[in-house]
Student: 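This is the structure, below, for whatever I ask next.
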Amino acid sequence: MSQVVATRSIQSSFENPSSTCLHSQFHSLKPSNFASKLLIPRRNGNNCVRVSVSINARRSARAEPEVVPVTPADVPKADDEILNLQERADRSVSMWSKPTVKRKTKIVCTIGPSTNTREMIWKLAEAGMNVARMNMSHGDHASHQKVIDLVKEYNAQSKDNVIAIMLDTKGPEVRSGDLPQPVMLLPGQEFTFTIKRGVGTADCVSVNYDDFVNDVDVGDMLLVDGGMMSLVVKSKTEDSVNCEVVDGGELKSRRHLNVRGKSATLPSITEKDWDDIKFGVDNKVDFYAVSFVKDAAVVHELKNYLKSCGADIHVIPKIESADSIPNLHSIIAASDGAMVARGDLGAELPVEEVPLLQEEIIRLCRSMGKAVIVATNMLESMIVHPTPTRAEVSDIAIAVREGADAVMLSGETAHGKFPLKAVKVMHTVSLRTEATINGGETPLSLGQALKNHMSEMFAFHATMMSNTLGTSLVVFTRTGFMATLLSHYRPSGTIFAFTNEKTVQQRLALYQGVSPIYMQFSDDAEETFADALTLLQEQGMVKKGEQIALVQSGRQPIWRYQSTHNIQVRKV
Ligand SMILES: Nc1ncnc2c1ncn2[C@@H]1O[C@H](COP(=O)(O)OP(=O)(O)OP(=O)(O)O)[C@@H](O)[C@H]1O
Ligand SMILES: CC(=O)C(=O)O
C-alpha cells in the first residue's frame, strides 16, 4: 500500500526536483491505510505549498512505471510485457519517462553469459543500465568484442539514451589451479597450496603465483572466494604452504585466494592486462576499471601510455587491495574516479572495515570532484532469487545516500537468473532514495581540490540558483568538464549536458545527475541554445513556460570570451 504514496512522492519530486521539503518527505513516508495528501513544492523558493492530491491507497497503482512489480521470474514473456508497458509509457511522455533520465545514480551492469546477446543488451539499456562493464577475468577478446559492438550499435540507433563501456582488468589475481573434481574441505583438516605446476589432489592444489610462498607467513589467514572458505597457515617449505582449514566448503577449480591484511607483491598491471588495455584502446572504450591498484604510480603509468596512444579513456582504480588504503588520496588524485571493490577489499581487510572504507572513499572522491562507483554483492541474492533481501535494498540506499555516482551489478547481470529484475530493483530503490535527499550538499573541500576556480564558482552558484528556483540545468560542453563539475555539486535538478562529441556523451553516462545529449553545435550561440531548448521540450523534459538555468563556464570557452562566464535563467 505504501507503494502508492511512495510513487506519487517520487513523481512530485521530479515534477519539481528542487526541494523535497521535510514536510513532503514526511507525507511520502506516512503509512497509507488512509487517503493521503501529498505536498508538492512550489517552484518559487523553498516554501512548500500544500496541494491536495487525494490518493486512495490501493495496490492498483501497479501501473505506475516506477514501481517494480517483482514478479516470479525474469522470463522473456514477463519482460516483454513490462517492456511493452515501458514502450507505451515512453511514447506518451517520451524521454523524460526513461529510467536513465529520471534517476540520478547510475547503474553499471557486468555483461556475461546471461546478458551478452543483442536482445538482452537492449533490454538492460531500456531497463536502466548506464554503463556496460566487461570483466577481463572472464571470456576472451572475441566475446568482449561482440559486447562492445552491440553496445555501440545500441548507442548508434538510440535517439535518447547512451551506454558507456567499461573494461575491468583482471589484475594480479592469485588463484588456485585446476582440480579434476571439487574437494570438500572440512574444518581442522590439513591442506596444502603449492607453487609446483599442475598439482590437483584431495589434499594439495597449485597456486598460479610463484612468490606465494614468500608473501605468506605462518599464522596468516588465507581466504578462498572472498572468504567462503578460510585456512590458517601452519608451516612453509620452499615450494608449499601447509594450512589447516578453519571454515570449510567445496573447493572448485581456479578459485580466488587472498591473504587477510596483505596484498600480493605483483605489479597491478600484468602482461595480460596490457594486452587487454590495448584491446580497449583499439575499441575506444570509455573507462578502465583497474584491479588491485596499490599506489598512484600505476595510474600515472597507464595515463602516460594512454596519452602516448592518443586515447581519451578515463581511469577508475579499484580500491580492493590492503596496500592501497594508505595511498587512497594520491591514487584518487591521479585518477578520474574510484571503484569501491568490496569483494576483494573485504577479503584483504576485515569485513567490518568495508562500510567505513566505502564511506571514506566516496567522501574523498566527492571532495576531489571524481566519479565513484560502489560495487559487489549489491543484489547478490538476485543471482538466484527474483526478489532482493531487505539488507540488499538498504545497501543500495546507503550507497545512494552517501553520494555514489553509480552502483554496480556483477554476477546479478553477468550470470544471474534475473538480470532485468535486478536492474529494475536497483533503479527503483535508487529513485526512491534520491527522492528523500536534499540537493546541493556541496562537498566542503571541493574548492581546494580543483584548480579552475572560476568554473567551480559558477558550478556552485548555478547549483544554488537552480535549487532555489527549482529548475533543471543546461550546459554545453566539448570535453565534459563543466558537466562533471556540476554533477559533483549534486544539484537537485537534472543536468542536461549537450555535447558535440559522441565520446564525451558516452562517458558522461557514468556521472550522477547528468543526462548527456549529443547535438551538433552551430557557430551561433543563440541558435544552439534555441535548438537545445526545443529538443528538451520535444522530448518532454521541460515544459513550455518552465525556467531552466543555463551555465556557460568551463575550461574551453564556447561562444564566449575566456574571461566571461555566465549563468542565465531562461524561460522555455
Ligand atoms: N565475460 C564473462 N564470461 C563468462 N562469465 C562471466 C563473464 N563475466 C562475468 N562472468 C561470471 O559472472 C561472475 C561474476 O562476475 P564478476 O565480474 O563479479 O567476477 P568475479 O570473478 O566474481 O569477481 P571480480 O570482479 O573480482 O573479478 C564471474 O565469477 C563469472 O562466473
Ligand atoms: C569488483 C571487484 O573486483 C571486487 O569487488 O572485488
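In listed order, ligands and their atoms are each counted from 1.
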Student: Using a cut-off of under 3.5 Å, which N/O atoms of ligand 2 pair up with protein N/O atoms, and what distance separates each pair?
Tutor:
from, atom 1, to, atom 2, distance (Å)
ligand 2, 3 (O), K318, NZ, 2.8
ligand 2, 3 (O), E320, OE1, 3.4
ligand 2, 5 (O), R342, N, 3.3
ligand 2, 5 (O), G343, N, 2.8
ligand 2, 5 (O), T376, OG1, 2.5
ligand 2, 6 (O), E320, OE1, 3.2
ligand 2, 6 (O), D344, N, 2.9
ligand 2, 6 (O), D344, OD2, 2.9

Student: Using a strict cut-off of 4.0 Å, indicate which atoms of ligand 1 neighbour a heavy atom of R175.
Tutor: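 Listed by number with element: 21 (O).
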Student: Among all protein heavy atoms, pick the one closest to atom 15 (O) of ligand 1 and tell me residue, atom and distance.
Tutor: G411 N, 4.0 Å
Student: Of all the atoms in ligand 1, which lie at a distance below 4.0 Å from a heavy atom belonging to S137?
Tutor: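 Going through ligand 1 atom by atom, the ones under 4.0 Å from S137 are 27 (O).
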Student: Mark yes when over 12 heavy atoms from residues, nucleotides or ligands other than Q157 sit less than 6.0 Å from its CD; otherwise mark no.
Tutor: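 Counting other residues, nucleotides and ligands, CD of Q157 exceeds 12 neighbours.
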Student: F292 vs H256 aromatic rings, parallel, tilted or perpendicular, using cut-offs 30° and 60°?
Tutor: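 Correct class here is perpendicular.
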Student: Give me the nearest non-hydrogen protein atom to atom 12 (O) of ligand 1 as residue plus atom name, then the distance to 0.1 Å.
Tutor: A414 CB, 3.4 Å
Student: Has K170 got any heavy atom lying under 4.0 angstrom from an atom of ligand 1?
Tutor: no
Student: Does a salt bridge link K318 with D344, judged by any charged N lying under 4.0 Å from a carboxylate O?
Tutor: no
Student: Is the shortest side-chain N to carboxylate O distance from R197 to D178 below 4.0 Å?
Tutor: no
Student: Are the charged groups of R363 and E360 less than 4.0 angstrom apart, N to O?
Tutor: yes
Student: Please state which part of N116 comes within less than 4.0 Å of ligand 1, counting heavy atoms only: side chain, backbone, both or neither.
Tutor: neither
Student: For R342 and ligand 1, answer yes if some heavy atom of the residue is under 4.0 Å from a ligand atom, otherwise no.
Tutor: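 Flag not set, R342 not near ligand 1.
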Student: Any Lys/Arg nitrogen of D225 or R255 sitting under 4.0 Å from an Asp/Glu carboxylate oxygen of the other?
Tutor: yes
Student: Tell me whether E320 reaches ligand 1 (any heavy atom closer than 4.0 angstrom to a ligand atom).
Tutor: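 The answer is no: ligand 1 sits nowhere under 4.0 Å from a heavy atom of E320.
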Student: For atom 21 (O) of ligand 1, what is the closest protein heavy atom, and at what distance to 0.1 Å?
Tutor: H138 NE2, 2.8 Å
Student: Around atom 26 (O) of ligand 1, find the nearest protein heavy atom and jot down its residue, atom name and distance.
Tutor: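 Nearest neighbour among protein heavy atoms for atom 26 (O) of ligand 1, to 0.1 Å: D344 OD2, 3.5 Å.
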Student: What atoms of ligand 1 come closer than 4.0 angstrom to any heavy atom of H256?
Tutor: 26 (O)
Student: Taking the side chain as every heavy atom from C-beta outward, state whether V216 and F193 have any atom pair closer than 4.5 Å.
Tutor: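 No, side chains not in contact.
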Student: Is a donor from one side chain sitting under 3.5 angstrom from an acceptor on the other, for E434 and T105?
Tutor: yes
Student: Quick check: are there more than 12 heavy atoms from other residues, nucleotides or ligands sitting under 6.0 Å from NZ of K284?
Tutor: no
Student: Record the part of E173 in heavy-atom contact with ligand 1 below 4.0 Å; permitted values are side chain, backbone, both and neither.
Tutor: side chain
Student: For the residue pair D168 / S291, report whether a side-chain donor-acceptor contact shorter than 3.5 Å exists.
Tutor: yes
Student: Where is the nearest protein heavy atom to atom 1 (N) of ligand 1: which residue, which atom, and how far?
Tutor: H144 CE1, 3.6 Å
Student: Between N283 and Q145, does any side-chain donor sit less than 3.5 Å from a side-chain acceptor?
Tutor: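 Present: a donor and an acceptor within the cut-off.
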Student: Please say whether N135 places an N or O atom under 3.5 Å from an N or O atom belonging to ligand 1.
Tutor: yes
Student: Considering non-hydrogen atoms of the protein only, which is the closest contact for atom 18 (O) of ligand 1, and what is the distance?
Tutor: S410 CB, 3.2 Å
Student: Which of the numbered atoms in ligand 1 are under 4.0 angstrom from any heavy atom belonging to T110?
Tutor: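 The list of qualifying atoms is 17 (O).
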Student: For ligand 1, is there an atom lying under 4.0 Å from some heavy atom of G343?
Tutor: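 Contact absent.
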Student: State whether a side-chain donor-acceptor pair under 3.5 Å links R133 with T413.
Tutor: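 No, no side-chain donor-acceptor contact under 3.5 Å.
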Student: State plainly whether the residues K262 and D220 are in salt-bridge range, i.e. N to O under 4.0 Å.
Tutor: yes
Student: Could you tell me whether some N/O pair between R133 and ligand 1 is separated by less than 3.5 angstrom?
Tutor: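 R133 vs ligand 1: N/O contact under 3.5 Å present.
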Student: Nearest protein heavy-atom contact for atom 31 (O) of ligand 1: which residue, which atom, what distance?
Tutor: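 Among all protein heavy atoms, the one nearest atom 31 (O) of ligand 1 is H415 ND1, 3.8 Å.
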Student: Should we count CD of E244 as having more than 12 external heavy atoms under 6.0 Å?
Tutor: yes
Student: Say whether D140 and S143, considering side chains only, have a donor N or O and an acceptor N or O under 3.5 Å apart.
Tutor: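 Short answer, yes.
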Student: Hey, what do you get for CD1 (I362) to CZ (R366), rounding to the nearest 0.5 Å?
Tutor: 9.0 Å
Student: Among all protein non-hydrogen atoms, which one is nearest to atom 5 (N) of ligand 1, and what is the separation to 0.1 Å?
Tutor: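 Nearest neighbour among protein heavy atoms for atom 5 (N) of ligand 1, to 0.1 Å: P113 CD, 3.4 Å.
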